Amino acid sequence: MRRKSVAILDIRSLEITAVVGERGVNNTFIIKSKYSCTYDGYAEGEMVDEESFLSAVESVVKSTISAFGGIKTFYVGVPAEFTKIIQADKIMSFQSAKKITSDDCEYLAGMSMPEDSKDYRTVRHSCMYYVLSDKRKMIDPVGTVSDSLRGKFCFYQCSSKFINSVSNAFKKITSVTDIKLIPSVYAEAVYLVPPEQRDECAVLFDLGYISSSYSVIHGNGIAFCESFSVGIGHLAVYLMTELDIPFDVASAFLNQLNLNAKETLGGFIECVYEGRNYKFSTIVLRDKVREGLDGICETIEECIQSFKGKNFENKPMYITGESVKIIRGTVEHLSNRLVKNIEVIAPAVPYYDKPQFSSLLSLLDTALTDAGSRSFNK
């Protein structure tokens, strides 16, 4: 049973989840265990509270180990907030035309590898596309014949602060001797977006609770990525401040709102919290939430303007993340405000076919691909 399983840690800005899983039939997964714990999250490239993070990681990892015994390897997702992507365009020539091998591709990537710094370390690389001597562009050149090979590479670097935080969190868990880092933005790109869409470039917006990210995907790489500390959680803070209500009440209002519902004078939403009844006009609440969502739209528009590559006006923007479904009508409002077709994307897996599981199953898919047939106990 364990021979084909892997253990992963998905670190989102709302909660941390540890999963042990393996591949099932028809591109599904078998989830052996799943433990989650909320914490204070991260913003501006920092953990909001280091102790909160350490405690949450220790809780879910220890629960996982308790259920499965000693686990030696954990695959840990690196949020976009802690990821820097460096691109490199490199070419090498051969003495004569030859059949391209995977070793050739890896050698070319090695030639392009950026140096680590005290602030960032390269944890993975991928290639957007390769170009042969006859100008053919392709995602996988292995087996083709050419006398040169050019590659447009992406190198994913992880913040040293994040690496240190993860290392500290695992210090007390002596059975785990190997931590493998996977950039979440890469995992989501290759798992969620179909290859034919990636070949032509695709846009993916991950709407988180405190932190979100905007990515332009090309082939097996990321042509552009911007993370920003804005999410649906900030809308709850906005309501809390504007209406002078507790955060938990603001969060409850967000879950009850439906931006698509017909506007009705006299309508209201109420919530009982710690013995007190809070009651506000539905129209007032919707207007405040729309103002907050407009702020997110402005950030997306800045990302659109920052990427100087292809024109995406006629292409949909995919949206995913745990906050997509918190407020009913969010996607429709973003679509209308941006004047863009927005499509919700999620894993095509029963029960987990919701955007809140996108990061989790994307990391599981990448970890299983990396691990091959090896046991996570080896």
Side-chain angles (χ1 to χ4, degrees), residues 1-12 15-36 60-61 64 68 71 73-80 83 85 102 123-128 139-140 154 156 158 178-199 202-206 208 213 215 217-222 225 318-322 324 343-378:
M1 178 181 70
R2 295 185 176 185
R3 185 177 64 84
K4 298 178 181 179
S5 298
V6 294
I8 67 162
L9 193 67
D10 183 24
I11 300 171
R12 301 290 295 180
E15 67 178 11
I16 296 174
T17 302
V19 158
V20 172
E22 65 182 48
R23 292 201 188 278
V25 297
N26 299 324
N27 296 318
T28 60
F29 300 98
I30 299 171
I31 305 297
K32 302 293 188 66
S33 71
K34 178 176 175 287
Y35 296 95
S36 297
V60 297
V61 171
T64 303
F68 278 84
I71 297 175
T73 300
F74 248 94
Y75 292 84
V76 178
V78 183
T83 303
I85 301 175
S102 58
V123 296
R124 194 179 194 93
H125 71 267
S126 66
C127 191
M128 287 190 276
I139 304 300
D140 183 9
C154 298
Y156 305 89
C158 178
D178 189 17
I179 298 172
K180 298 183 182 296
L181 300 174
I182 299 174
S184 294
V185 64
Y186 163 81
E188 286 190 347
V190 297
Y191 175 67
L192 294 174
V193 183
E196 59 274 15
Q197 299 296 329
R198 288 189 270 121
D199 288 352
V203 174
L204 177 64
F205 177 56
D206 186 321
S213 64
S215 304
I217 305 160
H218 191 179
N220 288 328
I222 308 296
C225 181
Y318 295 111
I319 188 171
T320 197
E322 69 270 24
V324 171
E343 298 179 9
V344 177
I345 194 168
V349 177
Y351 179 72
Y352 292 97
D353 56 346
K354 302 174 181 64
Q356 69 194 72
F357 297 117
S358 289
S359 177
L360 183 70
L361 292 198
S362 296
L363 290 170
L364 181 57
D365 178 74
T366 302
L368 286 165
T369 299
D370 285 1
S373 61
R374 291 178 300 160
S375 164
F376 64 80
N377 287 303
K378 294 182 180 179

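Predicted, not measured: the structure shown is a model, and the values here were computed from it. Starting from 1, each residue takes its place in the sequence as its number.
- Shortest non-hydrogen contact noted between Gly219 and Ile139 is CA-CD1, 3.5 Å.
- For Ser359, the side-chain hydrogen bond (donor to acceptor under 3.5 Å, both in side chains) test picks out Asp10, with sequence neighbours left out.
- With sequence neighbours left out, the ring pair (Phe, Tyr, Trp, His ring centres under 6.0 Å) criterion links Phe357 to Tyr352.
- The ring pair (Phe, Tyr, Trp, His ring centres under 6.0 Å) check on Tyr156 picks up Tyr186, with sequence neighbours excluded.
- Considering CD1 of Ile11 and CG of Leu360, their distance stands at 12.0 Å, rounded to 0.5 Å.
- Rounded to the nearest 0.5 Å, atoms OG1 (Thr83) and CG (Leu181) are 9.5 Å apart.
- Taking each heavy atom of Val123 and Pro183 in turn, the nearest pair found is CG2-CG, 4.0 Å.
- Atom CG of Leu364 and atom CD1 of Ile31 lie 5.0 Å apart (nearest 0.5 Å).
- Smallest separation of non-hydrogen atoms from Ser126 and Gly221: OG-CA, 3.6 Å.
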Give the intermediate values and the outcome of side-chain contact (heavy atoms from CB on, under 4.5 Å) for residues Val20 and Ile71. CA-CA 10 Å; Val20 172; Ile71 297 175; 4.2 Å; yes
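- A pairwise comparison of heavy atoms in Tyr35 and Thr64 identifies CD1-OG1, 3.6 Å as the closest pair.
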As a quick check of understanding, evaluate side-chain contact (heavy atoms from CB on, under 4.5 Å) for Ile345 and Ile319, giving each step before the final call. CA-CA 6 Å; Ile345 194 168; Ile319 188 171; over 6 Å; no
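- What you find for Ser36 and Val60 is that their closest heavy atoms are C-CG1, 3.7 Å.
- The side-chain heavy atoms of Leu368 and Phe29, taken from C-beta on, include a pair separated by under 4.5 Å.
- Residues forming a side chain to side chain contact (heavy atoms under 4.5 Å, CB included) with Pro194 (at least two apart in sequence, or on another chain): Glu196, Gln197.
- By the salt bridge (Lys or Arg N to Asp or Glu O under 4.0 Å) test, Arg124 is found to be paired with Asp370, residues two or more places apart in sequence or in another chain being considered.
- When all heavy atoms of Ala346 and Lys354 are compared, the closest pair comes out as CB-C, 3.5 Å.
- A search for side chain to side chain contact (heavy atoms under 4.5 Å, CB included) contacts involving Ile30 returns Glu22, Lys32, not counting sequence neighbours.
- Identified under the salt bridge (charged side-chain N to carboxylate O under 4.0 Å, His left out) test for residues 357-366, with sequence neighbours left out: Arg23-Asp365.
- With sequence neighbours left out, Ala367 forms a side chain to side chain contact (heavy atoms under 4.5 Å, CB included) with Val6, Ile8, Tyr75, Ile182.
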Evaluate the side-chain contact (heavy atoms from CB on, under 4.5 Å) criterion for residues Thr73 and Lys180: first the C-alpha distance (whole Å), next the side-chain angles of each, then the deciding distance (0.1 Å), finally the verdict. CA-CA 7 Å; Thr73 300; Lys180 298 183 182 296; 4.1 Å; yes
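- We find the OG-CD1 distance between Ser213 and Ile222 to be 9.0 Å, quoted to the nearest 0.5 Å.
- The side-chain hydrogen bond (donor to acceptor under 3.5 Å, both in side chains) test applied to Asp199 returns no partner, not counting sequence neighbours.
- With sequence neighbours excluded, no residue forms a side-chain hydrogen bond (donor to acceptor under 3.5 Å, both in side chains) with Ser33.
- Every residue two or more places apart in sequence or in another chain was checked for a side-chain hydrogen bond (donor to acceptor under 3.5 Å, both in side chains) with Thr28, and none qualifies.
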